[in-house]
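First comes the structure, then the notes that go with it.
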Amino acid sequence: MEKLTITTNFKIKEEVIRKADPDKLLHIVIAIVIDCQGIMYQVRGYNGIYTLYDFEIARYSERLGILN
């Protein structure tokens, strides 16, 4: 059996935003999912649960830099 080491960009319970969301609403990472293409994150927010890759989300603290 092989051992797999994974480095994630976000942690569970971390506050993030969806980059495609025009309002930049708060979302919380609730799960980390691995598929054949990479690491995905399940995030929960006001509009439901989304499964997104790390390039589709950013930390909540970075939202002002993204808006400007």
Side-chain angles (χ1 to χ4, degrees):
M1 182 182 291
E2 293 184 34
K3 183 176 181 179
L4 179 64
T5 303
I6 299 169
T7 304
T8 60
N9 293 334
F10 302 98
K11 298 177 184 175
I12 293 179
K13 296 185 181 177
E14 188 169 354
E15 297 177 340
V16 297
I17 57 169
R18 288 183 8 179
K19 290 182 180 178
D21 186 6
D23 296 332
K24 304 298 185 231
L25 297 173
L26 173 69
H27 290 76
I28 305 293
V29 176
I30 58 171
I32 298 171
V33 181
I34 302 169
D35 70 353
C36 62
Q37 296 181 3
I39 300 171
M40 300 175 76
Y41 300 89
Q42 282 190 337
V43 297
R44 181 184 315 185
Y46 296 110
N47 297 330
I49 297 174
Y50 299 95
T51 304
L52 306 164
Y53 288 105
D54 59 353
F55 60 84
E56 297 177 293
I57 58 177
R59 286 181 174 73
Y60 188 69
S61 60
E62 298 172 7
R63 72 190 180 284
L64 294 178
I66 292 172
L67 287 173
N68 292 331

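None of the values given here were measured: they were computed from a predicted structure. Nothing fancy with the numbering, it's 1 onward along the sequence.
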Quiz item: Between Asp23 (side chain) and Leu25 (backbone), is there a donor-acceptor pair under 3.5 Å?
Solution: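 No, Asp23 side chain to Leu25 backbone: no donor-acceptor pair under 3.5 Å.
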
Of the non-hydrogen atoms in [X] and [Y], which two are nearest, and what is the gap between them?
X	Y	value
Asp21	His27	OD2-CE1, 3.9 Å
Ala58	Lys19	CB-CE, 3.8 Å
Arg59	Asn9	NH2-O, 2.6 Å
Ile28	Lys13	CG2-CA, 3.8 Å

Quiz item: In Å and rounded to the nearest 0.5 Å, what is the CE to OG1 distance from Met40 to Thr51?
Solution: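 These two atoms lie 5.5 Å from each other.
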
Practice problem: To the nearest 0.5 Å, tell me how far Arg44 CZ sits from Ile30 CD1. | Solution: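 Reported value, rounded in 0.5 Å steps: 4.5 Å.
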
Practice problem: Name all residues meeting the side-chain hydrogen bond (donor to acceptor under 3.5 Å, both in side chains) criterion together with Tyr60; count only those two or more places apart in sequence or in a different chain, and write none if there are none. | Solution: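 By the side-chain hydrogen bond (donor to acceptor under 3.5 Å, both in side chains) rule, Tyr60 matches no residue at all.
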
Quiz item: Other than Met1, what residues sit in its cluster of Ile, Leu, Val, Met, Phe, Trp and Tyr side chains whose heavy atoms are under 4.5 Å apart, directly or through others?
Solution: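 Traced through the cluster, Met1 reaches no other member.
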
Quiz item: Other hydrophobic cluster members with Ile34, side-chain heavy atoms of Ile/Leu/Val/Met/Phe/Trp/Tyr under 4.5 Å, chained?
Solution: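 Taking Ile, Leu, Val, Met, Phe, Trp and Tyr as members, Ile34 shares its hydrophobic cluster with Leu4, Ile6, Phe10, Ile12, Val16, Val29, Ile32, Ile39, Tyr41, Val43, Tyr50, Leu52, Ile57.
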
Self-check item: Over 12 foreign heavy atoms within 6.0 Å of OH, Tyr46
Solution: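 No, not enclosed.
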
